[in-house]
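Sequence lines set the chain letters: A, B, ... in the order given, protein chains first and strands last, and positions in each chain run from 1.
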2 protein chains.
Amino acid sequence: MILNTALSLIQSKGYNGFSYRTIAERIGIKTASIHYYFPRKSDLGKFLIVDYKSRFKDELHHIDRDIDDASMKLQQFTNLFIQTLARGNRMCLCGMLAIDIVTLPPEIVEEVMGFIRDIEQWLTHVLTRGREAGSLKFDGPPEDQAKVVFAVLEGGMMTARILNDSHHFEQVIRQLLATLNTSTGR
Amino acid sequence: MILNTALSLIQSKGYNGFSYRTIAERIGIKTASIHYYFPRKSDLGKFLIVDYKSRFKDELHHIDRDIDDASMKLQQFTNLFIQTLARGNRMCLCGMLAIDIVTLPPEIVEEVMGFIRDIEQWLTHVLTRGREAGSLKFDGPPEDQAKVVFAVLEGGMMTARILNDSHHFEQVIRQLLATLNTSTGR
DNA sequence: GTCTATAAGATGATAGAC
DNA sequence: GTCTATCATCTTATAGAC
């Protein structure tokens with residue numbers, strides 16, 4: 001309950017925009033109770049990002065297990081971001097923390113950096129296999145293309161959220177996938 | 001002096017991460033002096049974004065005046081973002097404010113929304129003309145491709161900043177431009 | 001485990017002297 | 001215009017009763 005509320009707050013207001021007070025009020029307890037579980041704010045923050053990374057990794061494993069085609073993997077991957085935005089205009093936790101980076105405790109910075117590297121690595125792999133198999137097309141190194149894909153998702157979420165227009169994000173993703181897919185259809 | 005310091009702070013720490021106190025200490029005055037020019041924080045914030053938009057628009061006019069080729073225009077446009085990141089790991093002001101959107105005063109939200117729309121409109125125009133003239137290539141509506149380009153820049157800045165790796169951002173941009181340019185060379 | 005009480009500091013903001 | 005002094009409020013955090 002504390003975790004869900006904290007996650008929701010941090011995803012909409014950022015690390016410096018959420019406080020123990022807001023969490024406590026929202027779930028009807030006192031701030032001291034939160035300090036019992038997470039003595040310092042950075043403890044709560046670190047737990048949230050570690051947990052988030054773990055669940056995100058699970059999602060990637062599910063995609064790897066259930067889907068063969070790289071183009072479909074990519075689409076399913078983008079769906080994760082669409083769903084996050086759809087659930088109350090939330091940003092990716094990683095993107096949110098990335099913005100507050102200079103004010104963040106070092107332990108959390110490490111986690112966020114690792115998160116980005118993990119995702120870009122996964123994307124690199126999918127893009128490499130997809131181009132080999134012929135379902136994806138792009139020029140240049142898969143590493144660089146992976147960075148572009150991730151940047152589109154984070155930046156697209158950001159702009160769609162401020163314009164308060166989830167359709168905006170879907171257009172961005174459709175355009176991105178259309179550029180990468182060899183089959184123009186769907 | 002107040003403005004430069006405030007802009008620098010807001011571009012690195014976000015709207016909620018910069019305070020009158022920090023500005024005052026950094027330039028050797030008292031917070032009351034800042035309140036003399038900008039009674040409320042939102043006054044300072046609004047001035048900064050309006051001024052930023054105006055200067056950004058000037059840059060776009062210079063590009064339109066000095067450069068004919070759409071591909072070159074696009075490259076010059078991305079240079080604006082590279083330069084911002086190069087100047088002390090700063091984020092685009094717009095992207096920074098976009099993250100704090102739910103905690104922002106309404107007047108400022110309006111300005112940020114207008115900024116995104118202006119840029120996407122300019123990009124749409126450049127992409128349209130570039131495809132017609134044959135120097136740029138992409139499928140689908142220029143409006144959607146414009147959104148992708150802007151998303152790549154904002155998201156790319158964000159990730160490069162947290163990885164503390166400006167080379168990362170240059171790779172992202174090179175990959176983006178390579179995808180859009182008809183001439184593969186350079 | 002959850003509460004009350006409280007601390008020490010930061011924050012945006014104002015009144016009034018100089 | 002810039003300062004001192006002061007404010008009410010919010011922040012993270014702790015000690016100790018129940």
Side-chain angles (χ1 to χ4, degrees), chain A residues 1-52 91 93 96-97 99-112, chain B residues 1-52 91 93 96-97 99-112:
Chain A
M1 196 66 179
I2 291 177
L3 292 171
N4 284 340
T5 311
L7 181 62
S8 166
L9 278 169
I10 208 171
Q11 278 185 305
S12 62
K13 307 174 104 181
Y15 187 79
N16 295 314
F18 92 103
S19 68
Y20 275 31
R21 197 193 189 196
T22 317
I23 303 171
E25 281 175 357
R26 198 167 286 194
I27 61 185
I29 56 172
K30 299 294 167 180
T31 59
S33 304
I34 307 175
H35 279 287
Y36 173 76
Y37 297 101
F38 304 98
R40 287 162 303 169
K41 186 180 180 178
S42 60
D43 295 324
L44 175 53
K46 180 164 182 185
F47 186 95
L48 285 174
I49 178 74
V50 169
D51 187 55
Y52 189 85
M91 261 294 285
L93 177 62
M96 217 63 194
L97 292 175
I99 286 292
D100 290 328
I101 194 71
V102 293
T103 63
L104 250 44
E107 324 105 77
I108 298 186
V109 175
E110 278 304 313
E111 296 295 334
V112 180
Chain B
M1 197 65 180
I2 291 177
L3 291 172
N4 283 340
T5 311
L7 180 62
S8 167
L9 278 169
I10 207 170
Q11 279 185 304
S12 62
K13 306 174 100 180
Y15 187 79
N16 295 314
F18 92 103
S19 69
Y20 275 31
R21 198 193 188 196
T22 317
I23 302 170
E25 280 174 358
R26 198 167 286 195
I27 61 184
I29 56 172
K30 300 294 166 180
T31 61
S33 304
I34 306 175
H35 278 288
Y36 172 76
Y37 297 102
F38 305 98
R40 287 162 303 169
K41 188 179 180 181
S42 60
D43 295 325
L44 175 52
K46 181 165 181 185
F47 187 93
L48 285 173
I49 179 73
V50 169
D51 187 55
Y52 190 84
M91 262 293 287
L93 177 62
M96 217 62 194
L97 292 174
I99 286 291
D100 291 328
I101 193 72
V102 293
T103 62
L104 249 44
E107 322 104 77
I108 297 185
V109 175
E110 278 304 313
E111 296 296 333
V112 180

Please report the distance, rounded to the nearest Å, between [atom1] in [X] and [atom2] in [N].
{"X": "A:D43", "N": "D:dT12", "atom1": "CG", "atom2": "C1'", "result": "12 Å"}
{"X": "A:I34", "N": "D:dA13", "atom1": "CD1", "atom2": "P", "result": "12 Å"}
{"X": "B:E25", "N": "C:dG9", "atom1": "CD", "atom2": "P", "result": "14 Å"}

Any donor-acceptor pair under 3.5 Å from B:E111 side chain to B:I49 backbone: no
Expected output: side-chain B:D43 to main-chain B:R40 donor-acceptor under 3.5 Å: yes
Of all the heavy-atom pairs spanning [X] and [Y], show the shortest one and how long it is.
{"X": "B:A6", "Y": "B:I23", "answer": "CB-CD1, 3.8 Å"}
{"X": "B:M96", "Y": "B:G14", "answer": "CE-N, 3.5 Å"}
{"X": "B:L104", "Y": "B:L97", "answer": "CD2-O, 3.4 Å"}

Ring-face cation contact, B:F18 with B:K41, 6.0 Å cut, 45° max: yes
Under 4.0 Å protein heavy-atom contact, by nucleotide of nucleotides 2-8 of chain D - B base, S sugar-phosphate only: BBB----
Side chain proximity check, A:V109 to A:I101, heavy atoms < 4.5 angstrom: yes
All pairs passing side chain to side chain donor-acceptor pair (under 3.5 Å) where residues 13-25 of chain B contributes a residue, at least two apart: B:N16-B:T103, B:S19-B:T22
Contacting residues from residues 1-23 of chain B, given that a heavy atom lies under 4.0 angstrom of DNA chain D: none
